[in-house]
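Only one structure is covered here, and it is reproduced in the block below.
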Amino acid sequence: MKFTIDWLKDHLDTKASNDEIIETLTMIGLEVEEVEDQAKVLNDFTVCEVISAEKHPNADKLRVCMVNTGSGDPVKVVCGAPNARTGMKGVFAAVGTYVPGVDFTLTKGNIRGEESNGMLCSERELMLSDEHDGIIDLPEDAPVGTKFVDYAGIDDVVVDIAITPNRGDATGIYGIARDLAAAGIGELKDGIVAPVPATLNGEGDISVDFRFGEGEPQACKMFAGRLFKGVKNGPSPEWLQKRLIAIGLRPINALADITNYISYDRGRPLHAYDADKINGQFHARNAKKGEKILALDGKTYELDETMCILADDNGPLCIGGIMGGEESGCTEDTTNIFMECAWWEPLLIAQTGRKTGIVSDARYRLERHADPEFVLPGIELATKMILEICGGEVHEVTVAGEVKSPEKVIEFPLAEITRLTGLKVPFAEAKAILTRLGFWVAGSGDVVKVNVPSYRPDIEGKADLVEEVMRIVGVDKVPVDPLPRLSGVAPKMLTTIQNRRRIARRTLAARGFHEAVTWSFISEKEATLFGGGADELKLENPIVSDLTDMRPSLLPGLLAAVGRNANRGFADVALFEVGQVFKNDSIDGQLNYATGVRAGTAKFAQVGRDWQGKANKVDVFDAKADALGALDALGMDVNNIQVVAEPADWAHPGRAGRLQLGPKMILGWFGELHPALISELDLTGPVVAFELNLDAIPSPRKKASKAKGALDISDLQPVRRDFAFLADRNVEAGKLVKAANSADKKLIQSTSIFDVFEGEHVGEGKKSVAIEVTLQPRQKTLTDEEIEAVSNKIIAAVEKATGAMLRG
Amino acid sequence: MNDVISLDTLREQITADIENASDEKALDAVRVAALGKKGSVSEQLKSLGKMSPEERKSAGPAINGLKNDMAALIEAKSAELKKAALEARLASEKVDVTLPLQPGPMQRGSIHPVSQTLDEITAIFSDMGFAIAEGPDIESDYYNFTALNFPEGHPAREMHDTFFMKAKEGDDNGSKMVLRTHTSPVQIRTMENQEPPIRVVIPGRTYRCDSDQTHTPMFHQLEGLVIDKSSHIGQLRWVLEEFLKAYFEVDNVKTRFRPSFFPFTEPSMEVDVQCDRSGKEVKIGEGNDWLEILGCGMVHPNVIRNCGLDPDIYQGFAWGMGIDRIAMLKYGMPDLRDFFDADKRWMEHYGFRPLDLPTLFGGLSS
């Protein structure tokens, strides 16, 4: 919302400086977004005299002028204006001056062989009006060399403020003046509009009919209209044009300018119809579905039955409260007008505004709530201005419907101010503030009755009144008061899952991954490839067509990032994300995952070529190590985790596995990405990945004590024995180790595999698996016989479980 | 006489042999030849037994002297050879220590600035006795708007550029789920599930249909909520000012609280923080400029009521700010869109070391 200080002073009697006004606006909640000081912008322009203006030797329409700027030698300027002539006074801009109307800084020019050292300016170039037919032609007595702003008395400051949605009253300059007066910046002037008596009998031949069916929404609650005869439309007076231009509006004609003026001055939108273009009975109703109207912005809108329109027998004339129609609008030739001032239901205006997408000054004000008590004064103010500016005769006001502003009285305990803010405001001050804002305060005890004015429907209760008092006193006056501190040491802050996410992040970063944060939404194709794509997880209004589905997995986002990095020349990346995935739209359907990918040669130990080692490609065991490493850091006993050869859907069927505590307690997956998926996603392999469901990790049982239990170690040295087995190729090594371990649970401490190979010398379809078994004697050193016995048990157990035989 | 001469000759000979030994092995051969069981000096010693006491008196010390001298010479020579051998080995073992190392996993990996900032925030609020609360990203209209005092159809809803979820089969149009536009729904969930006093901060992903240099369709917010029987705006100011000082790691930070409007707080305020924009990066806590950094206010009585509490008994404040935004301000990151691009070069530059754990005892940032 823009206004000028000059305009503001129509309503506010103040000696405050512009800076004080601007500072106060922000501090009372009318945030100043921009201040444009016209005097500063036009500071460098001076009054000049054209000593001579001769035809340009090489151009018919140009003149070469010698200009007396009031200081130094005359300056040569090439000028294209038809009115440039010898002896005239004009406005000069020297080289280096910024010209706001054309948005550039003047440089020395050479126009068709004649040098030009400045500019003679038009009104448009100075942003004073739209006038650009010629340069500014000042009276003969204008003093050469003085600043143009001083000569012309241009000292206005344009202020742009942001109005929050609750402050319909501040969409008019009068309301802004009232707030400033309440804050001690001057006195609010009387804003009462006296009724203007009719000069013609009765209401004339146009009346308003409400045609709303039973149960239909009725956006138009009250309609006041007034018929004018014999007005003369045309350009509005200079003062009015100047004000509109200053706030960025284009003057159109007197009638349009008057309605725009009142809209800004009082936050009261009006609309003027050409009375001669209304056919039959003027009425308000809801549109029929499919009805169309050509609006003043030159666009045709299709309407529906939720939108209130004003219409005649031929159809829609105006999208009510939003924008008038082109056909019934006033032109320069209009002589008879029907002026509308109505009260509209803000929510319905907002709805129609959203549906049509029209952003207009009327909608801006009406959806924020216009003062119902100002419907009639609004039309009276318009009458006064029209008669003054356009002349003519006027009928009585015709009114349909009514708006009763509810008598709103709030019981207000003054202690509420201190309770909610900590600020102590004396009764007299609080009362004075509320009174200046237009509230009516009755009583003088601890609890007063506060009557809310019709233009403040946002004030609903005590808390709102506290805000009114506090914002005028100043939030900066609220004393800072420490929040009581804890009486002891702060308790644990994070929940189990919050801790898991934190630990997973740090662990994976420490394993050489970069943490990525990718969009929660992905493309439909990606979602479908990774098991998502359900309707309930689709956005109805995605921002772009490839961010449409809530992600069922973190992999698509990470893989897309791998692709982007590869395209930039960085194919060897390791990325992880810890975040939410969506299985359905319920609160339980949102799960926490830790997911990582390694691409190319981005292995744990080494990335790319190095003088100490080869550039090995990532493989399934890198992903397995990452997954188990993270689970270990998350407090799981990795020995208890089952690794089964069940690949995830995204994985290479023979190079992937599942991590679980049991078939129904799945912790995650790891593996090489399926080659088909790699080509589907336009990636270059190999890529390995893991996914961990952090919600699936069982919570540790609450223990009675933090003690770790006694350390159980033996003084006797462990004994290590190696065995090489010949097994079928399909035998899982994990099964073999498990069998060996189970051969003697007391004596066998651990089993590790130190060699696996296949080849001709072990036979087709076979492999050799060599294990080292560690035996830990407890009471006494093992004898050869005892070791032999255990060895036989191990061989037998492995054979029984896997069919593998000891290699001879 | 023969003997005497032969001892001198022997001494000369052995000394020369020791001198000439080129390595330990040769030296050992010399030692065996001279001092071994059948060595030349040992033979001389054996000859003492055959001598008369007088002869022995003069020859004994001479032969023993020879033996001791030779042993000493051999030992010295051995030390000398060992030293030379070590030097030769060291010279041959020289490597080029300027050869580069592969950066280890700890150097290669990084933590995203959003996670790091969240850990910093957590450290600060843990000291003030707050817990962390969370809620779902896919929210109902009720939690995202209605319970927070956004009337149906109110323009304030429009300010949120909401993403709607597609209606499920069987749903009527009215109950569409939304992607939460702010973390405020978790205020409601917390008040519904927990008795006051409440002190929580609520971090999380939020979504709005908007995109430019400082707006992305997804971003991170941090909400704060304090509900008890006495908390007021003076304390809200304290919490936020202390937080801003601690987070930006400056001794002082001037703030400006401006009245504003949010449907779910009353009174409502926006907070500007003192800053200096004259340089390349915005500096917080210096200069004469203001930068809007967060919104806050006293929880609206309707919101308190919607959670089943009596607003005449319970009161408190809430605030909301952008985690990405304060991360950008503190660490000088110019474009929010880069946060979600996972560009390796960006992550290497703006990411944090894996074990850079923000704590109050160790400092938030290194």
Side-chain angles (χ1 to χ4, degrees), chain A residues 26-29 31 164-166 347 350-351 354 367 420-422 461 463-464 466-467 470-471 475-476 478-483 486 490 493-494 498 505-506 509-520 535-536 538-541 543 561 565 570 573 575 580 585 587 590 604 606 610-611, chain B residues 99 102 105-106 108-112 114-115 122 126-132 136-138 153-156 158-159 163-166 168 177 205 209 211 217-218 231-235 237-239 241 257-261 266-267 269 298 300-301 315 339-344 347 351 354-355:
Chain A
T26 292
M27 296 315 288
I28 60 176
E31 186 188 0
T164 52
N166 58 326
L347 292 185
Q351 177 185 299
R354 260 199 311 280
E367 72 183 6
L420 294 184
T421 68
D464 301 293
V466 170
E467 176 172 85
M470 182 188 71
R471 75 181 176 92
V475 191
D476 283 5
V478 174
V480 173
D481 185 9
L483 190 68
L486 300 172
M493 187 181 185
L494 301 184
Q498 288 161 359
R505 282 194 179 104
R506 300 282 165 181
R511 294 186 68 86
F513 288 89
H514 286 300
E515 185 186 8
V517 174
T518 68
W519 305 122
S520 298
D535 263 359
E536 65 189 83
K538 280 188 193 305
L539 297 183
E540 191 179 82
N541 55 336
I543 192 157
N565 279 295
F570 303 97
V573 289
L575 305 173
Q580 56 277 69
D585 68 356
I587 192 166
Q590 181 173 326
F604 177 82
Q606 183 186 326
D610 183 62
W611 60 274
Chain B
L99 277 168
Q102 269 267 348
M106 284 281 283
R108 290 200 303 270
S110 69
I111 289 288
H112 196 282
V114 168
S115 300
T122 305
S126 136
D127 183 60
M128 293 200 243
F130 283 72
I132 290 188
D137 293 20
I138 302 175
H154 194 274
E158 237 194 299
M159 289 161 68
F163 281 115
F164 294 94
M165 304 304 295
K166 273 199 175 154
K168 269 187 287 192
M177 299 295 273
R205 289 186 174 196
C209 221
S211 187
M218 179 190 94
S231 292
H232 55 64
I233 290 173
Q235 291 164 340
R237 287 189 63 180
W238 180 84
V239 168
E241 284 175 5
F257 284 67
R258 286 182 286 105
S260 187
F261 169 77
E266 190 72 40
M269 286 152 288
M298 295 299 288
H300 197 291
Q315 63 185 69
F339 276 53
F340 311 113
D341 189 57
D343 185 330
K344 176 180 183 276
M347 297 186 289
L355 294 188

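Chain letters run A, B, ... following the sequence lines, proteins first and then strands; every chain starts at 1.
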Are the side chain of R471(A) and the backbone N or O of M269(B) linked by a donor-acceptor pair below 3.5 Å? no

Give the C-alpha distance, both sets of side-chain angles, the deciding distance and a yes or no for side-chain contact (heavy atoms from CB on, under 4.5 Å) between V517(A) and F340(B). CA-CA 5 Å; V517(A) 174; F340(B) 311 113; 3.7 Å; yes

Not counting sequence neighbours, which residues clear side chain to side chain donor-acceptor pair (under 3.5 Å) with E536(A)? List them please. none

Which bit of V478(A) is near chain B, if near means a heavy-atom gap under 4.5 Å: side chain, backbone, both or neither? both

Starting at CD1 of I587(A), measure out to CG of D137(B) and round the result to the nearest 0.5 Å. 10.5 Å

Who are the ring-ring contact (aromatic ring centres under 6.0 Å, His included) partners of H112(B), not counting sequence neighbours? F339(B), W346(B)

Specify which of R511(A), Q351(A), R505(A) makes the most heavy-atom pairs with chain B at under 4.5 Å. R505(A)

Looking at M165(B), R237(B), E241(B), R205(B), which one has more heavy-atom pairs under 4.5 Å with chain A than the rest? R205(B)

For the residue pair P136(B) and Q590(A), what are the closest heavy atoms and their distance? CA-OE1, 3.4 Å

Measure I28(A) against the heavy atoms of chain B and call it side chain, backbone, both or neither at under 4.5 Å. backbone

Say you draw a straight line from CE of M27(A) to CZ of F257(B); how long is it, rounded to the nearest 0.5 Å? 10.0 Å

Mind listing the closest non-hydrogen atom pair of L420(A) and H232(B) along with its distance? O-CB, 3.2 Å

Between G422(A), A490(A), A510(A), which has the largest tally of heavy atom pairs under 4.5 Å with chain B? A510(A)

Chain B contacts, top residue of A516(A), G461(A), S520(A) (heavy-atom pairs, under 4.5 Å): S520(A)

What part of F513(A) lies closer than 4.5 angstrom to a heavy atom of chain B: side chain, backbone, both or neither? backbone

Which bit of M218(B) comes within less than 4.5 Å of chain A, counting heavy atoms only: side chain, backbone, both or neither? both

Would you say the side-chain atoms of Q606(A) pair up with the backbone N or O of Q102(B), donor to acceptor, closer than 3.5 Å? no

Heavy-atom pairs under 4.5 Å with chain B, option from A509(A), G29(A), A463(A) with the top count: A509(A)

Is it the case that the side chain of N565(A) and the backbone of K344(B) share a donor-acceptor pair, with hydrogens and angles ignored and the cut-off at 3.5 Å? yes

Under 4.5 Å between any side-chain heavy atoms of V480(A) and W238(B), yes or no? yes

One option among C209(B), P217(B), S231(B) has the most heavy-atom pairs under 4.5 Å with chain A, and it is P217(B)

Do you know the tightest heavy-atom contact between I132(B) and Q498(A)? CG2-NE2, 3.1 Å

Which bit of P301(B) comes within less than 4.5 Å of chain A, counting heavy atoms only: side chain, backbone, both or neither? side chain

To check you understand the geometry: which heavy-atom pair defines the closest contact between P259(B) and T26(A), and what is its length? CD-O, 4.1 Å

Kindly say whether E266(B) contributes a backbone atom to a donor-acceptor pair with the side chain of D464(A) at under 3.5 angstrom? no

Please classify the contact between M298(B) and chain A as side chain, backbone, both or neither, with a heavy-atom cut-off of under 4.5 Å. side chain

If only atom types and distance count, is the side chain of N541(A) paired as donor or acceptor with the main-chain N or O of F164(B) below 3.5 Å? yes

Between the side chain of R258(B) and the main-chain N/O of E31(A), is any donor-acceptor distance below 3.5 Å? no

Chain B: which of D610(A), V466(A), N166(A), L575(A) shares the most heavy-atom pairs with it under 4.5 Å? N166(A)

Okay, W519(A) and chain B: the region with an atom under 4.5 Å from a heavy atom over there is both

Is a donor from one side chain sitting under 3.5 angstrom from an acceptor on the other, for H514(A) and S110(B)? yes

Side chain, backbone, both or neither: which part of P482(A) has an atom under 4.5 Å from a heavy atom of chain B? both

Taking side chain as everything from C-beta outward and backbone as N, CA, C, O, which of these in L539(A) sits under 4.5 Å from a heavy atom of chain B? Side chain, backbone, both or neither. both

Among T122(B), D343(B), V114(B), residue most engaged with chain A (heavy-atom pairs, under 4.5 Å): D343(B)

Is there a donor-acceptor contact under 3.5 Å from the side chain of R506(A) to the main chain of I111(B)? no

